[in-house]
**Student:** 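Structure incoming, see below.
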Amino acid sequence: MLIDSYIFPSTTIPDHLNSLIIVMLYDYQDRKFEARLLSDNEDTISEVQEVENLLTSFKTKLAAALARCRIKHDALSIYHILPETVRKQELRASTLPLYAWINTCKISPEEVYNNLKRKGYSKVRSVLHIDDKVFAMDQHCYDVLIFPSHLKSDLLRIDLFKDYKLIFQDKSRSLAVHSVKALLNMDDDILMVNTGSWYTVAHMSILTSNNTSKIFVCGVKSQAKDPDLKNLFLKMGCKNIEILHETFINIDSKDHRLQKVKVILLLPRCSGLGVSNPVEFILNEHEDTDLLKDLSQGGTSEAKLHNLAQQQYEQLTHAMKFTKAQAIVYCTCSVYPEENETVVKKALEFQDLGIKVQPYRLSPPVLPLCSLKEIHLSTDKFFRMEPSEINNGCFLSILTRERDPSETVSVKDVLARAAAKGLLDGIELGKSPKWEKKKKMTRSKTTFPKASSNDNNGVQTKIAEFLNREAKAIANRSETLTTKAPLPQKNTTQAGVPAQIRKPSKSGTNPLMPAFMKNTSPSRPYERPTNFIRPRPEDKMVALKPVEIVLPPVILPFSSPQGLRAQIPYQQFYCRWVGSKNVPSCLPTPSLSRKGEKPKENLPSSLLRRPRPWL
């Protein structure tokens with residue numbers, strides 16, 4: 001009627017008021033084209049009054065157009081003028097369950113459940129064929145509730161819907177925003193294209209309210225709508241939305257504002273025949289009145305379908321040019337493959353491979369598959385929902401970039417980076433085979449020297465030097481490490497030995513004399529402090545086995561005559577490494593003058609006798 005009466009496209013009313021014209025035309029013909037009477041208490045809305053004046057000025061032409069339609073189709077009313085397919089969709093729309101998402105910025109799901117229960121609503125698993133006041137949770141989206149269709153008027157009167165705590169929305173739009181949410185990191189931005197209903201933008205904002213993400217919305221033609229949109233978003237608690245007035249095709253892929261955009265949500269204009277009420281869907285989502293003529297004729301023409309598919313292909317290929325983006329979510333409500341699979345496959349086949357980024361590939365659905373039918377429909381990595389008595393039709397595909405092979409990091413590299421940052425302190429890491437091989441080679445080259453008659457003097461000299469170095473280090477730390485006073489020195493000299501030999505000078509006649517022999521009793525074993533040696537980092541991670549090493553005796557040379565030396569008992573020291581204590585202990589023992597000879601009687605009985613393992 002609007003086209004036949006030449007209201008479209010000659011009217012000067014803005015395009016965003018087209019849905020208001022349709023609604024008021026239905027009311028106008030229901031009133032038999034009589035003027036609407038306003039009460040004294042009713043306020044006048046400028047936009048409504050403008051549309052009312054337009055319809056009144058076309059009163060005669062509208063009545064004639066309605067009469068011609070009724071005669072042509074032999075119909076009693078406008079409802080009977082509609083094609084059979086549209087009437088079936090209208091009938092299905094009257095029984096289709098209602099879907100509403102929870103605004104978690106204003107209320108929690110538990111509070112919604114309690115509020116509904118206080119108002120007499122019961123929670124059930126399915127709302128089909130139930131006439132009572134019930135609700136159920138959606139299986140795909142955790143924040144979506146389902147209500148029977150006959151409860152819509154009752155639900156609109158409760159505060160949950162008045163205060164924007166529950167919002168009616170087609171389920172396909174909730175599936176789209178939840179797919180985007182599953183692909184996001186905490187600081188990733190989002191670009192939404194052809195959003196249609198602003199509730200879809202609000203839902204995306206609510207899902208990312210805990211992130212630092214920003215949502216860019218393109219395609220808003222009139223800046224005059226900005227105050228109304230900002231007011232709507234303010235009432236709903238949305239804070240991370242930025243409106244772009246450019247059309248998506250005209251936005252440069254290198255725009256500095258969109259450098260952090262990682263996911264693009266593309267909701268292209270489609271025929272909308274997969275929904276139960278295509279007229280309402282087109283008016284709410286597309287503002288495209290050209291599709292109304294096709295729907296009034298029972299379907300979308302081939303030419304119109306081709307034009308829509310071409311627009312969808314151009315938008316999808318343009319989205320692939322955003323080099324910073326890592327994923328694209330493409331969602332329609334069409335049942336035609338030309339608008340769904342064909343567009344996606346063609347875009348993937350002819351994508352530009354010249355840019356220095358990895359190409360896109362088709363990824364499996366990120367939504368849960370709740371039935372065998374859904375699993376069967378998703379075998380080719382597309383998510384599909386056919387129109388049924390419980391939901392509208394929906395097509396959804398996920399495109400993600402392939403991983404760059406140059407950015408592939410091995411587990412070894414990840415552990416090395418973590419260890420460099422100090423994140424693996426105290427955690428034992430396995431040694432690399434190369435390191436183990438090097439360690440074995442080092443061990444094979446390290447051998448203990450064997451004492452022989454030829455190089456006995458050289459070995460003894462090295463041992464004496466080692467003991468001298470140890471003694472000097474102990475002397476420097478004696479004040480801090482000694483916890484008890486040294487025992488009084490016992491007289492171990494023998495009769496007949498000159499005084500100058502029995503009492504050597506304190507300055508150390510022999511430079512190789514260990515210092516600890518002068519201050520400690522021979523019968524008291526010396527314990528080396530445990531904190532003397534600084535442990536290596538590897539020692540904390542490798543368990544050591546106890547090892548006992550016995551070194552040759554230390555022969556202390558004196559400057560006395562040869563005959564006198566035979567009568568002087570020299571001290572022998574066996575250095576034993578005790579593995580359990582990790583410290584060496586030196587035990588002084590008396591020497592055996594001759595083979596088979598008993599020790600002198602005046603020697604202390606506490607001295608230990610040790611065999612000679614090298615003999």
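Keep in mind that the numbers below use all heavy atoms, side chains included, and drop hydrogens, waters and symmetry copies.
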**Student:** Kindly state each residue pair satisfying salt bridge (charged side-chain N to carboxylate O under 4.0 Å, His left out) with at least one member in residues 193-217, sequence neighbours excluded.
**Tutor:**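 Sorted pair list: Lys214-Glu242.
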**Student:** Kindly state each residue pair satisfying ring-ring contact (aromatic ring centres under 6.0 Å, His included) with at least one member in residues 214-246, sequence neighbours excluded.
**Tutor:** none
**Student:** Is the count of non-hydrogen atoms from other residues, nucleotides or ligands lying under 6.0 Å from Lys181 atom NZ greater than 12?
**Tutor:** no
**Student:** Is there a donor-acceptor contact under 3.5 Å linking the side chains of Gln326 and Asp188?
**Tutor:**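 No donor-acceptor contact under 3.5 Å links the two side chains.
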**Student:** Would you give the length of the straight line joining atom CD1 of Ile251 to atom SG of Cys218, rounded to the nearest 0.5 angstrom?
**Tutor:** 4.5 Å
**Student:** Quick check: does any side chain N or O of Asn340 sit under 3.5 Å from a backbone N or O of Ser334, one acting as donor and the other as acceptor?
**Tutor:**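 Yes, because the side chain of Asn340 sits within donor-acceptor range (under 3.5 Å) of the backbone of Ser334.
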**Student:** Go through Tyr313 and Thr342 one step at a time and tell me if the side chain to side chain contact (heavy atoms under 4.5 Å, CB included) criterion holds.
**Tutor:** CA-CA 9 Å; Tyr313 171 75; Thr342 303; over 6 Å; no
**Student:** Yes or no on side chain to side chain contact (heavy atoms under 4.5 Å, CB included) for Leu367 and Ser179, after CA distance, side-chain angles and deciding distance?
**Tutor:** CA-CA 7 Å; Leu367 296 170; Ser179 298; 3.6 Å; yes
**Student:** Do Lys262 and Asp189 touch side chain to side chain, with heavy atoms closer than 4.5 Å?
**Tutor:**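 Heavy-atom side-chain distance check fails, nothing below 4.5 Å.
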**Student:** Take Phe395 and Tyr336, measure what side chain to side chain contact (heavy atoms under 4.5 Å, CB included) needs, and give me the verdict at the end.
**Tutor:** CA-CA 10 Å; Phe395 172 84; Tyr336 295 120; over 6 Å; no
**Student:** Do you know the tightest heavy-atom contact between Glu389 and Pro97?
**Tutor:**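 Answer, listing the atom of Glu389 first, then Pro97: O-CD, 3.4 Å.
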**Student:** What closest approach, in Å, do Cys331 and Ser172 show between heavy atoms, and which atom pair accounts for it?
**Tutor:** SG-O, 3.9 Å
**Student:** Count the heavy atoms belonging to other residues, nucleotides or ligands that lie under 6.0 Å from CD of Glu341, then report whether that count exceeds 12.
**Tutor:** yes
**Student:** Is there a side-chain contact between Val263 and Ile328 in this structure, where contact means two heavy atoms from C-beta onward sitting under 4.5 Å apart?
**Tutor:** no
**Student:** What's the separation between atom CE in Met204 and atom OG in Ser209, rounded to the nearest 0.5 Å?
**Tutor:**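 Reported to 0.5 Å precision, the distance equals 10.0 Å.
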**Student:** Do you know which two heavy atoms are closest between Ala347 and Leu316, and how far apart they sit?
**Tutor:**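 So the minimum-distance heavy-atom pair works out to CB-CD2, 3.5 Å.
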**Student:** Counting N and O atoms only, with roles assigned by atom type, does the side chain of Asp138 sit under 3.5 Å from a partner on the main chain of His140, one being a donor and the other an acceptor?
**Tutor:** yes
**Student:** Can you confirm whether Lys133 sits close enough to Leu151 that some side-chain heavy atom of one is under 4.5 Å from a side-chain heavy atom of the other?
**Tutor:** yes
**Student:** Can any side-chain N or O of Glu314 pair as donor or acceptor with the backbone N or O of Gln311 at less than 3.5 Å?
**Tutor:**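 Pair absent, no side-chain N/O of Glu314 close to backbone of Gln311.
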**Student:** In Å, rounded to the nearest 0.5 Å, how long is the span from CG of Leu362 to OH of Tyr330?
**Tutor:** 13.0 Å
**Student:** Which heavy atom of Ile206 sits nearest to which heavy atom of Cys105, and what is that distance?
**Tutor:**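 So the two residues come closest at CD1-SG, 3.5 Å.
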**Student:** Heavy atoms, side chains only, cut-off 4.5 Å: are Gln351 and Thr317 in contact?
**Tutor:** no
**Student:** Val177 versus Trp101: any side-chain heavy-atom pair under 4.5 Å?
**Tutor:** no
**Student:** Is there a donor-acceptor pair closer than 3.5 Å between any side-chain N or O of Arg173 and the backbone N or O of Thr200?
**Tutor:**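 Such a contact is absent between Arg173 side chain and Thr200 backbone.
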**Student:** Do Thr208 and Asn240 have a side chain donor and acceptor closer than 3.5 Å?
**Tutor:**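 Asn240 and Thr208 do have a side-chain donor-acceptor pair below 3.5 Å.
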**Student:** List the residues meeting ring pair (Phe, Tyr, Trp, His ring centres under 6.0 Å) with Phe147, not counting sequence neighbours, and say none if there are none.
**Tutor:**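 Scan of Phe147 (ring pair (Phe, Tyr, Trp, His ring centres under 6.0 Å), adjacent residues dropped) gives none.
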**Student:** Quick check: do Val48 and Met24 have side-chain heavy atoms less than 4.5 Å from each other?
**Tutor:**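 The answer is yes; the side chains approach within 4.5 Å.
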**Student:** Parallel, tilted or perpendicular for Phe322 and Phe248, by the 30°/60° rule?
**Tutor:**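 Parallel.
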**Student:** Under a 4.0 Å threshold between the charged nitrogen and the carboxylate oxygen, would Arg257 count as salt-bridged to Asp255?
**Tutor:** yes
**Student:** Distance check, rounded to the nearest 0.5 Å: Leu377 atom CG versus Leu372 atom CG?
**Tutor:** 11.0 Å
**Student:** Closer than 3.5 angstrom, by distance alone: can the side chain of Gln169 be matched with the main-chain N or O of Tyr99 as a donor-acceptor pair?
**Tutor:**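 No, because the side chain of Gln169 does not come within donor-acceptor range (under 3.5 Å) of the backbone of Tyr99.
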**Student:** Quick one: does any side-chain atom of Ser378 pair with a main-chain N or O of Phe382 as donor and acceptor, under 3.5 Å?
**Tutor:**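 Checking the backbone N and O of Phe382 against the side chain of Ser378, a donor-acceptor pair under 3.5 Å is found.
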**Student:** Under a 4.5 Å cut-off applied to non-hydrogen side-chain atoms, are Leu348 and Met320 in contact?
**Tutor:** yes
**Student:** Any ring-ring contact (aromatic ring centres under 6.0 Å, His included) involving residues 165-185? Give me the pairs, sequence neighbours left out, ordered by first then second residue.
**Tutor:** Tyr142-His178, Phe161-Phe168, His178-His203
**Student:** How far apart are the C-alpha atoms of Val366 and Val329, what are their side-chain angles, what is the distance that settles it, and do they pass the side chain to side chain contact (heavy atoms under 4.5 Å, CB included) test?
**Tutor:** CA-CA 10 Å; Val366 293; Val329 178; over 6 Å; no
**Student:** For Asn231, look at atom CG and say whether over 12 heavy atoms of other residues, nucleotides or ligands are found less than 6.0 Å away.
**Tutor:** yes
**Student:** Any side-chain heavy atom of Leu160 sitting closer than 4.5 Å to one from Leu116?
**Tutor:** yes
**Student:** Applying salt bridge (charged side-chain N to carboxylate O under 4.0 Å, His left out) as the test, list every pair that has at least one member in residues 93-115; sequence neighbours left out.
**Tutor:**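 Of all non-adjacent pairs touching residues 93-115, none passes salt bridge (charged side-chain N to carboxylate O under 4.0 Å, His left out).
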**Student:** What is the minimum heavy-atom distance between Tyr360 and Ala319, and which atoms define it?
**Tutor:**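 Nearest pair, atom of Tyr360 first, then Ala319: OH-O, 4.4 Å.
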**Student:** SG/Cys270 to CD/Glu338 distance, rounded to the nearest 0.5 angstrom?
**Tutor:** 13.0 Å
**Student:** Sub-3.5 Å donor-acceptor pair from the side chain of Arg269 to the main-chain atoms of Leu308, do we have one?
**Tutor:** no
**Student:** Using only atom types and a distance under 3.5 Å, with no angle test, would you say the side chain of Ser397 pairs donor to acceptor with the backbone of Lys381?
**Tutor:**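 Side chain of Ser397 to backbone of Lys381: no pair is present.
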**Student:** Please report the closest heavy-atom contact between Pro148 and Val134, naming both atoms and the distance.
**Tutor:**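 Heavy atoms of Pro148 and Val134 come nearest at CD-O, 3.3 Å.
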**Student:** If a pair satisfies salt bridge (charged side-chain N to carboxylate O under 4.0 Å, His left out) and one of its residues is in residues 120-129, list it, with sequence neighbours excluded.
**Tutor:**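 As it turns out, there is no salt bridge (charged side-chain N to carboxylate O under 4.0 Å, His left out) pair with a partner in residues 120-129 once direct neighbours are skipped.
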**Student:** Working to the nearest 0.5 angstrom, can you tell me the gap between Glu339 CD and Leu305 CG?
**Tutor:** 5.0 Å
